[in-house]
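As structure tokens, the structure follows; a few thoughts come after it.
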Amino acid sequence: MDPFRITSKKVLTLVMVIDKDQKKILLGYKKRGFGAHLWNGFGGKVEPGETPKEGAHRELEEEAGITVTPENLKKAGILLFLFENDPVALETHIYTAYEHDGQIRECDEMRPQWFDFAAIPFDQMWEDDKIWLPLLLKGQDPFFGRMYFKRKSIGEQEQVDAISSASSSADATLANHSTTMTSTPFTKAEPKPFYMSDYHLELDLTGVPKDVALDGTVASFEN
Ligand SMILES: Nc1nc2c([nH]c(=O)n2[C@H]2C[C@H](O)[C@@H](COP(=O)(O)OP(=O)(O)OP(=O)(O)O)O2)c(=O)[nH]1
């Protein structure tokens, strides 16, 4: 049986707030819940009755205290996160926001902080981010990808540690869009619970219909 077989999905959002002039990105340190102790953009589950764009707007305000006008919230891509032996995929709609209103503030879930493009803390982020975030920063939109994650057992954690200390520069090559990779663990004290075992990223979406079918349901690039 395929350990990555999915039967349903949850729709999530993720907003990357970018200051183009200063070449900075706003990330939040996730204090609790799914992805705790990692730096990430702002987002969460889309609620019933919301479009992904409305959900993205709401989550950004809840988690970072700022708002973005609908025309400044641009769809950058859709990523499907699949977890071994979990039939529910996470379909994440990713947006960029180059303008925002309001005062950035911390909440009980996220601690926002600006990072220079050259100092993005990829080793303290989800492992797939180093693959697609550079593309997003270059403005190479849209992208569509599938990211396959395995849960770390204690044995696997030791194996990953050993491999990554033997070759700490095992960076993902963008030329290789479908590969098996093992990347740097977070820290011994706060291990990442999952590691990415494979991924597939499509960048050339010319000719792809605006709707991409996933597990029988449909994701739209439109909103
Ligand atoms: N950068 C990045 N973000 C990811 C990955 N996987 C993944 O779910 N996310 C994002 C999508 C969502 O923005 C966020 C997970 O949403 P969440 O569980 O915090 O949702 P929520 O705020 O509605 O949760 P809650 O209030 O119910 O705790 O993490 C990934 O591999 N990379």
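Read the numbers this way: they start at 1 and go in the same order the structure lists the ligands and their atoms.
Atom CD of E71 has more than 12 neighbouring heavy atoms from other residues, nucleotides or ligands inside a 6.0 Å radius.
With sequence neighbours left out, E106 forms a salt bridge (charged side-chain N to carboxylate O under 4.0 Å, His left out) with K31. In this structure, the salt bridge (charged side-chain N to carboxylate O under 4.0 Å, His left out) partners of D116, at least two apart in sequence or on a different chain, are K24.
Applying the ring-ring contact (aromatic ring centres under 6.0 Å, His included) rule to pairs touching residues 107-126 yields F34-W126, W39-F115, W126-F149, sequence neighbours excluded.
Contact between A97 and L73 at its shortest, heavy atoms only, is CB-CD1, 4.2 Å. Among all heavy-atom pairs drawn from G28 and F42, the shortest one is N-CZ, 3.6 Å.
Ligand 1 lies under 4.0 Å from heavy atoms of L12, T13, L14, K30, F34, N40, G43, G44, K45, E59, E63, F81, L90, T92, E109, W126, D128, D129, W132, F149.
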